[in-house]
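Everything below concerns the one structure shown next.
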Amino acid sequence: MTESVDVVLIGGGIMSATLGTLLHELQPDWKIVAFERLSDVAQESSNPWNNAGTGHAALCELNYMPQNGDGPLDPAKAISINEQFQQSRQFWSSLVEKGVLDAPSSFINATPHMTFVRGEKDVAYLKDRYEVLKEQPLFEGIEFSEDSRVINQWAPLLMQKRRKGEPFAATRVPAGTDVDFGALTKQLFDHLSDSGVDVRTNHEVRSLKKQKDGSWTLKYRNSLGRTPGRINAKFVFVGAGGWALKLLQRSGIPEIKGYGVFPIGGQFLKTTNPAVVSQHKAKVYSQASVGAPPMSVPHLDTRVVDGEASLLFGPFATFSPKFLKNGSMLDLVTQVRTHNLWPMLRVAFANPDLITYLLGELVKTHRKKVDSLRVFMPTAKDEDWTLIQAGQRAQVMKKDPKKGGILQFGTEVVSAADGSIAGLLGASPGASTAVPIMLQLLKSCFPEQYEGWEPTLRELIPTYGHTLNDDPAAAEKSMAATADVLALSK
């Protein structure tokens with residue numbers, strides 16, 4: 001027999017956890033089943049050691065506000081990312097107050113966000129960026145300095161034994177955060193499981209077929225015993241990281257045509273040496289290397305995982321044809337279709353700098369990687385730092401009318417015209433903006449129910465439907481309220 005449910009979630013990451021939680025709050029009578037092919041949830045990109053845990057709010061990430069020629073800096077993208085993160089903060093705050101999430105310190109901690117640059121050109125750019133952002137309500141409290149004494153107070157490891165006469169500057173926002181998305185994901189799934197949602201680990205979805213009534217029949221396999229099964233769902237969400245592309249291709253929806261993904265792995269240098277960790281409490285970002293993708297922007301980060309603080313530096317790009325850390329070596333090849341081959345080839349031809357960058361990263365020794373760290377932290381010692389393997393990021397490649405194909409850095413929801421199935425492709429700033437991404441998905445896939453859901457959404461996200469940056473008083477009130485609940489800096 002084929003069991004029937006309202007919703008199937010494929011993938012045990014932050015996206016499925018967020019969507020499942022929203023749907024459970026909005027429609028507690030719906031039957032929801034979640035499938036995860038590994039033995040536990042949050043083992044891929046949502047795992048704390050597979051990402052940098054930055055609450056992406058554009059406070060320190062320069063790629064959200066690039067310098068384009070001699071024109072004025074445009075803060076629109078940075079403001080948009082910050083607006084989205086505020087929605088995530090509000091949602092998490094509501095769940096803490098409802099008892100859905102544990103103590104805030106178990107998944108989020110106050111950690112200043114900084115940007116540090118060297119050289120006259122980048123110093124001038126950072127100052128211009130500061131002058132623009134300090135006028136924006138969502139960036140209130142941002143500080144700028146070229147004074148080594150001030151920067152030393154903010155982050156001593158940046159200044160110790162730094163060469164004299166070198167131009168440098170930094171910005172700092174005390175209200176930044178470090179987020180353990182693994183802990184957050186597990187807590188959300190634990191609550192869903194306790195509330196009647198069927199969370200099935202060690203279950204891999206193998207195929208999806210649309211039925212005449214618009215529903216979907218999924219075939220799956222229990223990896224423990226290889227037992228097959230079938231399930232029918234009115235709505236399917238594919239939140240399976242890089243494998244989302246493969247499953248959407250198997251679904252046969254025309255909307256996935258022209259899409260491909262390019263996998264980029266990463267490594268971080270990590271230290272738990274108390275003498276080093278105690279001197280740095282911040283996430284410090286800088287400029288990306290020439291040809292490097294935005295996800296490879298170097299940063300020296302405070303991490304708090306399971307209550308233990310450590311420092312990470314990186315990422316250093318790696319290459320594997322796998323779409324997931326626990327994927328297949330054939331992933332890159334088996335994604336190829338007649339409809340996406342040309343866009344993928346065009347991306348390869350148009351991004352020689354990326355290929356050169358990846359090759360350069362692959363030949364770096366441990367010492368060379370610590371040398372890169374010493375640009376940030378001149379006193380870094382090789383023996384204090386070990387290399388850890390981070391997650392795989394599947395960057396979106398898709399058709400483009402002018403260029404034939406483009407490589408896109410960011411997330412994109414691909415959904416069927418009838419809204420019966422949707423999946424998420426891409427990476428950063430995904431996890432930090434999971435809530436607004438899923439809100440948009442709900443709006444597009446459930447148009448008939450959405451208007452009736454809005455009162456509940458406003459309870460969960462008080463400023464839902466409003467642009468905070470256009471209302472300084474509302475922005476201040478919202479950030480203060482979530483800071484109180486989540487025990488963060490105001």
Side-chain angles (χ1 to χ4, degrees), residues 5-27 30 32-35 45 80 84 87-88 205 207-218 231-261 323 335 337 339-340 343 394-401 406 408-431 433-454 457 464:
V5 299
D6 295 291
V7 175
V8 162
L9 308 171
I10 304 175
I14 187 63
M15 294 297 173
S16 292
T18 299
L19 180 59
T21 303
L22 281 166
L23 285 172
H24 181 68
E25 294 291 326
L26 298 168
Q27 290 287 163
W30 281 8
I32 302 173
V33 173
F35 289 102
S45 294
S80 173
Q84 293 178 60
Q87 287 190 336
S88 293
V205 174
S207 67
L208 310 90
K209 185 176 181 180
K210 193 170 187 180
Q211 305 303 305
K212 291 181 179 179
D213 64 358
S215 65
W216 290 86
T217 295
L218 288 71
I231 189 169
N232 182 267
K234 298 174 184 176
F235 174 76
V236 177
F237 173 66
V238 187
W243 273 33
L245 174 74
K246 300 174 71 171
L247 291 172
L248 289 171
Q249 286 178 335
R250 292 175 191 175
S251 76
I253 61 172
E255 289 80 6
I256 197 62
K257 289 185 176 180
Y259 280 92
V261 294
F323 286 173
Q335 72 169 320
R337 303 288 189 276
H339 57 72
N340 66 10
Q395 304 296 334
V396 176
M397 296 183 285
K398 64 179 184 178
K399 287 182 179 179
D400 181 77
I406 57 171
Q408 176 176 297
F409 298 101
T411 51
E412 182 161 347
V413 174
V414 178
S415 57
D418 64 357
S420 62
I421 185 171
L424 187 80
L425 303 177
S428 183
T433 56
V435 173
I437 290 172
M438 293 300 105
L439 289 177
Q440 188 58 46
L441 182 148
L442 290 175
K443 191 172 186 178
S444 61
C445 293
F446 298 93
E448 295 181 2
Q449 295 95 335
Y450 198 78
E451 185 176 348
W453 287 344
E454 288 186 331
L457 291 175
Y464 167 79

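Few gaps surround CD on Q211; more than 12 heavy atoms of other groups in view lie less than 6.0 Å from it.
Taking the salt bridge (charged side-chain N to carboxylate O under 4.0 Å, His left out) definition, one finds that E412 meets it with K398, sequence neighbours left out. Partners of Q449 by side-chain contact (heavy atoms from CB on, under 4.5 Å), not counting sequence neighbours, listed by chain and number: W30, F446, W453. Listed by chain and residue number, nothing satisfies the ring pair (Phe, Tyr, Trp, His ring centres under 6.0 Å) test with W216 (two or more places apart in sequence, or in another chain). Partners of D400 according to the salt bridge (charged side-chain N to carboxylate O under 4.0 Å, His left out) rule, which considers only residues two or more places apart in sequence or in another chain, do not exist here. Partners of T433 according to the side-chain contact (heavy atoms from CB on, under 4.5 Å) rule, which considers only residues two or more places apart in sequence or in another chain, are Q84, P429, P436, I437. For Y259, there are no ring pair (Phe, Tyr, Trp, His ring centres under 6.0 Å) partners, not counting sequence neighbours. Residues forming a salt bridge (charged side-chain N to carboxylate O under 4.0 Å, His left out) with K234 (at least two apart in sequence, or on another chain): D6. Scored by the salt bridge (charged side-chain N to carboxylate O under 4.0 Å, His left out) test, K399 finds no partners at all (sequence neighbours excluded). Y464 is linked by a ring pair (Phe, Tyr, Trp, His ring centres under 6.0 Å) to nothing, counting only residues two or more places apart in sequence or in another chain.
Closest heavy-atom contact between G410 and Q395: N-OE1, 4.3 Å. Of all the heavy atoms in V413 and A422, the pair that sits closest is CG1-CB, 4.4 Å. Between A394 and G242 the shortest heavy-atom distance is CB-CA, 3.8 Å. Between F235 and L441 the shortest heavy-atom distance is CZ-CD2, 3.8 Å. The two residues G426 and T411 have their closest heavy-atom pair at C-CG2, 4.1 Å. Pairing each heavy atom of C445 with each of P447, the nearest pair is C-CD, 3.3 Å.
Considering OG of S251 and NZ of K209, their distance stands at 13.0 Å, rounded to 0.5 Å. Taken to the nearest 0.5 Å, the CG atom of L425 stands 6.0 Å off from the CG atom of L248. Between the CE atom of M438 and the NZ atom of K443 there is a distance of 15.0 Å, given to the nearest 0.5 Å. Here the straight-line distance linking atom CG of L218 with atom OG of S207 works out to 7.0 Å at 0.5 Å rounding. Here the straight-line distance linking atom CD1 of I231 with atom CZ of F35 works out to 4.0 Å at 0.5 Å rounding.
In this structure a side-chain-to-backbone donor-acceptor pair under 3.5 Å is present from N340 to Q335. Checked by atom type and distance alone, the side chain of Q249 never pairs as donor or acceptor with a backbone atom of I256 at under 3.5 Å.
Applying the salt bridge (Lys or Arg N to Asp or Glu O under 4.0 Å) definition to pairs two or more places apart or across chains, none involves residues 419-428. For residues 235-248, the pairs satisfying salt bridge (Lys or Arg N to Asp or Glu O under 4.0 Å) are K246-D331, with sequence neighbours left out.
A 4.5 Å side-chain heavy-atom check between V205 and R250 finds every atom pair outside the cut-off. In this structure, the side chains of L26 and L442 come closer than 4.5 Å at one or more pairs of heavy atoms.
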Per-pair distances, 0.1 Å, donor-acceptor, side chain in residues 8-23, under 3.5 Å, sequence neighbours excluded:
| unit_1 | atom_1 | unit_2 | atom_2 | d |
| --- | --- | --- | --- | --- |
| S16 | OG | G11 | O | 2.8 |
| T18 | OG1 | I14 | O | 2.7 |
| T21 | OG1 | A17 | O | 2.7 |

